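Heads up, the thing below is written out as structure tokens.
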Amino acid sequence: MSHKSAKDFFAPLAVGAPAPLREIPARPSRAIHFFDPSNEKMAAKVPGMIGTVDVLLGNLEDAIKADNKVAAREGLVKIAESTDFGPTQLWTRINSLDSPWVLDDLTTLVPAIGDKLDVIMVPKVQGAEDIQYVDRLLAQLEAKADLDRPILVHAILETARGVANVEEICGASPRMQGLSLGPADLAADRKMKTTRVGGGHPGYLVRQDPPKDELGVSRIEAPRATYQQDLWHYTIAKMVDACAMHGIYPYYGPFGDIADVVACEDQFRNAFLLGCVGTWSLHPKQIAIANKVFSPSVEDIAHARRVVAAMGDGTGAVMIDGKMEDDASLKQCLVLVELAEKLAEIDPDLKAQYDAIEVDA
Ligand SMILES: CC(C)(COP(=O)(O)OP(=O)(O)OC[C@H]1O[C@@H](n2cnc3c(N)ncnc32)[C@H](O)[C@@H]1OP(=O)(O)O)[C@@H](O)C(=O)NCCC(=O)NCCSC(=O)C[C@H](O)C(=O)O
Ligand SMILES: [Mg+2]
């Protein structure tokens, strides 16, 4: 595969297109809330969600019936034109690049609402060539629409080839904002034997070793604890590393068991701890879960601030509550403190909680 030379990487791909960003802003995006713009009930809820969710995403791809594709696209244009999104970002998920709808998605949305769209999510990305196609087309459309800032691109990791090519996808364009896991399509593409949209599976487990009898013979029929494992650990970790390497942002994806808010929270928290900055929300009740999980806890921020205060210039080692802290733990604490500061800028409740923390070094 040929790569652009370094000097051309940040050059606009069309005459008159806005200059690419050199750094992707770390805007809070704990929940990317999906809605169907062709569904009147859902669309009616959008204005009331502004300010309560970091990202609203008008979905045009899977979950939208073929007969409603045009209505969804037109519905999104109408909503974007008539709504002030305030602090909430507006994203869309376009149809897949091999579908009959995607060209009209892009050629309709960019001229009509390109100035309001922050990020375009591209599904089923297979490799750098998919991002480069969208990159050039967006530059042409942005130039034609006289936009003054580039629309960013987010890829969904939902094919085996996409996972294998994850690093080149992240580095394919300066528009790349981040990646999400698409566990349902990925499971199908990999021929995993599951039927769910994200989350765990009771069959994916390890079992405690068997106890032995008095002669030292293993009693394999004895009751033994089993521990369910995370089907998505490998892919999320791979995605997090690729994103971190390229200065862009990793997200978990959908959790389809809307009723199981407990397991949803667990899955989101695993992703948060591994380095993801947010997740998808498919139903209004998942927004609060995501906002809670992807905001550092007051306890973690209190501890992180103690470490920052105690470490002074950042060199050497100190003991806090019986544990050694040094440059490496300080850097972890700074990740949390900086995230808390960003979130406090847009979330007054969190700001009040973080401001109430007293640091005794
Ligand atoms: C999952 C749903 C189909 C459930 O819908 P419903 O049965 O209507 O739920 P409720 O009765 O509990 O809804 C209560 C009210 O809330 C409104 N509602 C529901 N969902 C949303 C929403 N996402 N945004 C705004 N408002 C919403 C209902 O209309 C009810 O309103 P009212 O009657 O006036 O009280 C539904 O939630 C849904 O379709 N969600 C989105 C699904 C989606 O986007 N799926 C695609 C993403 S996942 C994916 O693509 C897989 C991925 O790519 C992969 O490969 O892994
Ligand atoms: Mg999918």
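Side chains are part of it too, since the values below use all heavy atoms of this structure and drop only hydrogens, waters and symmetry mates. Everything numeric here is computed off the predicted structure, so don't read it as measured data. Numbering of ligands and ligand atoms starts at 1, following listing order.
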Quick one: which ligand 1 atoms are inside 4.0 Å of a heavy atom on Asp62?
46 (C)

What part of Pro183, side chain, backbone, both or neither, has a heavy atom within less than 4.0 angstrom of ligand 1?
both

Which protein heavy atom lies closest to atom 56 (O) of ligand 1, and at what distance to 0.1 Å?
Ala184 N, 2.7 Å

Quick one: name the protein N/O/S atoms under 2.8 Å from the Mg ion (ligand 2), chain by chain.
Glu158 OE1, Asp185 OD2

Angle between ring planes, Phe294 versus Phe272, binned at 30° and 60°: parallel, tilted or perpendicular?
perpendicular

Below 4.0 Å from any atom of ligand 1, is there a heavy atom belonging to Gly253?
no

Spacing of SG belonging to Cys243 relative to CE belonging to Met176, to within rounding of 0.5 Å
7.0 Å

Would you verify that at least one protein heavy atom lies under 4.0 Å from atom 5 (O) of ligand 1, or report that none does?
no

Is there at least one pair of N or O atoms, one from Met49 and one from ligand 1, spaced under 3.5 Å apart?
no

Atom indices of ligand 1, in the order listed, that fall short of 4.0 Å to a heavy atom of Gly182
54 (C), 55 (O), 56 (O)

Could you tell me whether a side-chain N or O of Tyr252 sits under 3.5 Å from a main-chain N or O of Asn270, the two making a donor and an acceptor?
no

Near Gln140 CD, under 6.0 Å, is it more than 12 heavy atoms from other residues, nucleotides or ligands?
yes

Is atom 11 (O) of ligand 1 in close reach of the protein, with a heavy atom under 4.0 Å away?
no

I need the atoms of ligand 1 closer than 4.0 Å to a non-hydrogen atom of Trp280, numbered in the order shown.
48 (S), 49 (C), 52 (C), 53 (O)

Within the side chain of Arg30, is there an N or O that forms a donor-acceptor pair under 3.5 Å with the backbone of Lys292?
no

Distance-only donor-acceptor check, side chains Ser29 and Tyr251, under 3.5 Å
yes

Within the distance-only criterion (no hydrogens, no angle test), does the side chain of Asp300 pair as donor or acceptor with the backbone N or O of Pro296 below 3.5 angstrom?
no

Is there a side chain to side chain contact (heavy atoms under 4.5 Å, CB included) between Trp91 and Gln177? Walk through the geometry before answering.
CA-CA 12 Å; Trp91 294 22; Gln177 179 274 344; 3.6 Å; yes

Pairwise side-chain contact, Arg27 with Asp118, heavy-atom cut-off 4.5 Å (strictly under):
yes

Give me the residue, atom name and distance of the protein heavy atom closest to atom 37 (O) of ligand 1.
Leu282 O, 3.2 Å

What atoms of ligand 1 come closer than 4.0 angstrom to any heavy atom of His33?
22 (C), 23 (N), 24 (N), 25 (C)

Closest protein heavy atom (residue, atom, distance) for atom 36 (C) of ligand 1
Met42 CE, 3.8 Å

Would you say that more than 12 heavy atoms from the other residues, nucleotides or ligands in this model lie under 6.0 Å from the NZ of Lys144, or not?
no

Who's closest to atom 13 (O) of ligand 1 heavy-atom-wise, of Arg196, Lys124, His283, Glu158?
His283

Any side-chain to backbone donor/acceptor pair from Ser96 onto Pro123? Under 3.5 Å, distance only.
no

Which side-chain hydrogen bond (donor to acceptor under 3.5 Å, both in side chains) pairs, counting each pair once, include a residue from residues 206-233, with sequence neighbours left out?
none

Suppose I only count heavy atoms of Ala63 and a 4.0 Å limit; which atoms of ligand 1 are within that range?
43 (C), 45 (N), 46 (C)

Value for CD1 (Ile320) from SG (Cys333), rounded to nearest 0.5 Å, stands at 8.0 Å

Answer yes or no: is there a donor N or O on one side and an acceptor on the other, between the side chain of Arg93 and the main chain of Asp62, under 3.5 Å?
yes

Check whether any heavy atom of Glu61 sits under 4.0 Å from an atom of ligand 1.
no

Heavy atom of the protein closest to atom 51 (C) of ligand 1 (residue, atom name, distance):
Pro254 CG, 3.9 Å

Restricting to heavy atoms, the pick from Met121, Lys45, Gln286, Lys41 nearest atom 17 (C) of ligand 1 would be Lys45

Starting from atom 44 (O) of ligand 1, what is the nearest protein heavy atom, named by residue and atom, and what distance separates them?
Phe34 CB, 3.5 Å

Taking everything shown except Lys116 itself, do over 12 heavy atoms lie less than 6.0 Å from its NZ?
yes

Which atoms from ligand 1 have a heavy atom of Asn59 less than 4.0 Å away?
44 (O), 46 (C)

Under 4.0 Å from atom 28 (C) of ligand 1, can you find at least one protein heavy atom?
no

Minimum heavy-atom distance between Val153 and Val119, given as atom pair plus value:
C-CG1, 4.3 Å

Which residue and heavy atom of the protein sit nearest atom 18 (N) of ligand 1, plus the separation
Pro284 CD, 3.8 Å

Does the protein put any heavy atom within less than 4.0 Å of atom 41 (C) of ligand 1?
yes

Please check if any side-chain donor atom of Arg190 sits under 3.5 Å from a side-chain acceptor atom of Thr235, or the reverse.
yes

Does the protein put a heavy atom under 4.0 Å from atom 20 (N) of ligand 1?
yes

